[in-house]
There are 2 protein chains.
Amino acid sequence: MNEFRLDDFLPYLLNNAAESTSRAFSEHYRREYGMTRAQWRIMAHLGTFGALTASEICTRGFLEKSKVSRAVAGLEDAALLRRQPSAHDRRAELLTLTDKGQQVHADLAAYARSFSDTLTDRLGSDRAAQLAEILRDLIDPQPGD
Amino acid sequence: MNEFRLDDFLPYLLNNAAESTSRAFSEHYRREYGMTRAQWRIMAHLGTFGALTASEICTRGFLEKSKVSRAVAGLEDAALLRRQPSAHDRRAELLTLTDKGQQVHADLAAYARSFSDTLTDRLGSDRAAQLAEILRDLIDPQPGD
DNA sequence: AAGAGATGGTTGCATATGCGACAGTTGCCG
DNA sequence: CGGCAACTGTCGCATATGCAACCATCTCTT
């Protein structure tokens, strides 16, 4: 009969796990810096990978471009990032963190780090590493790119 | 220095994996039935577990209660589910799928099933099972419950 | 039995979101 | 070269969302 079991449906489990593990953390940057999830994600990308364009962030982070556009505007207003024209493409803008942005990123990264350690402890480091690896496999082949 | 690596941050990977694996599927029920993500999730719960109250769905699915409230209203308007008063608690309402709701659920479940098979193939069934198991461990201890 | 506090569900309001349309730019093919 | 498709980022609009306030009901303590 090919029954459907919600408890085994990977997208469902992934959504729950993502939601469950992101909530506590998101409350932190929300309280401390008034940042949204999209804003934190953009900061995290720039803090980790350096200068990126908005559309690169869209692709890497599975975010809508209008969402990124507005989140970037907010971060710019808060003086956390700066735009500069791309040398090779006049449509695109390179985004980089300001000094203030770097500081904020450093704080959030430290928090994220300790948060991550908690999760790893809970799973055991072997399984945590397994999980990360499998997730990367699952993510890589992005449908439309 | 305790560096922060976004590529190893589990909440990030989980969000990307969830988003990546949910997108194609969500396009389907959106197109076919005009349903939102929350609505599909509610249908999936009711289809799998039978009668539930809204708050049980909130807890299981990591959904805000106002989101559920409105999604349920929409599903009721579409005649996909029905409310009946709980025998033991006059505040609560038991939600169940209507016949039409069951049909829609059956269709979506079949689609989900084949979708799930694709993912499992891609990972290999061992790793897919590992993943599901680890995710369940990660989810279980829900912060505020 | 009474009141405090928790819980179920709805709703108002401000904000966030997705989609589609748009203007400007680029790259490619004939 | 000329033009057309693809791409970048922004914006308007309708809708979805989160939060807090709210009413009704339940539970627990005393």
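When reading the values below, keep in mind they use all heavy atoms of this one structure, side chains included, and skip hydrogens, waters and symmetry mates. Just so we're clear, the structure is a prediction, and the values are computed from it rather than from any experiment. Chain A is the first sequence line, chain B the second, and so forth, proteins listed ahead of strands; every chain is numbered from 1.
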K67(B) side chain: which of dT11(C), dG18(D), dG8(C) is closest?
dG18(D)
From S86(A) OG over to E93(A) CD, what is the distance, rounded to the nearest 0.5 angstrom?
9.5 Å
Roughly how many Å is it from CZ in R37(B) to P in dA16(C), rounded to a whole number?
20 Å
From dC13(D), dA16(C), dC19(D), nucleotide with atom closest to T36(A) side chain:
dA16(C)
Indicate whether OP1 or OP2 belonging to dC19(D) is found under 4.0 Å from a side-chain N or O atom of R31(A).
no
Does any part of the side chain of Y29(B), heavy atoms only, come nearer than 4.5 Å to the side chain of Q39(B), both counted from C-beta?
no
Note, I57(A) side chain near L46(A) side chain (heavy atom, < 4.5 Å):
yes
Starting at atom CD of E64(B), determine the distance to atom C1' of dT17(C), rounded to an integer number of angstrom.
15 Å
Have a look at S66(B) and say if it touches a base, only the backbone sugar-phosphate, or nothing, with a 4.0 Å heavy-atom cut-off.
base
Taking for V68(A) and for R30(A) the nucleotide of DNA chain D with the nearest heavy atom, the one nearer the 5' end belongs to V68(A)
Separation of dG18(D) atom P from L63(B) atom CG, nearest Å, is 9 Å
Scan T53(B) against the nucleic acid and name what it touches under 4.0 Å (heavy atoms): base, sugar-phosphate only, or nothing.
sugar-phosphate
Using a 4.0 Å heavy-atom cut-off, does R83(B) contact any base of the nucleic acid, only the sugar-phosphate backbone, or nothing at all?
sugar-phosphate
Plane angle bin for F115(A) and F25(A) - parallel if under 30°, tilted between 30 and 60°, otherwise perpendicular:
tilted
Round to a whole Å and report the spacing from CZ of R41(B) to P of dA16(D).
17 Å
Which pair of non-hydrogen atoms, one from R82(A) and one from L97(A), has the smallest distance, and what is that distance?
NH2-O, 3.9 Å
Restricting to nitrogen or oxygen on both sides, can you table the protein-nucleotides 22-26 of chain D pairs closer than 3.5 Å?
unit_1  : atom_1 : unit_2 : atom_2 : d
dT25(D) : O2     : R91(B) : NH1    : 3.1
dC26(D) : OP1    : R90(B) : N      : 2.7
dC26(D) : OP2    : R90(B) : NH2    : 3.1

Do NZ/NE/NH1/NH2 and the carboxylate oxygens of E19(A) and R60(B) come within less than 4.0 Å?
no
Quickly work out the Q39(B) CD to dT15(D) P distance and round it to whole Å.
14 Å
R70(A), nearest nucleotide to its side chain (from dG9(C), dT10(C), dT17(C))
dT17(C)
Given side-chain contact (heavy atoms from CB on, under 4.5 Å), test L52(A) with L94(A) step by step and report yes or no.
CA-CA 5 Å; L52(A) 293 173; L94(A) 283 179; 6.0 Å; no
Could you tell me the separation between the CE atom of M35(A) and the C1' atom of dT15(C), rounded to a whole number of Å?
17 Å
Expressed in angstrom and rounded to an integer, what is the separation of L94(A) atom CG from dT8(D) atom P?
13 Å
Let me know the distance between CG of L81(A) and P of dG9(D), rounded to the nearest Å.
13 Å
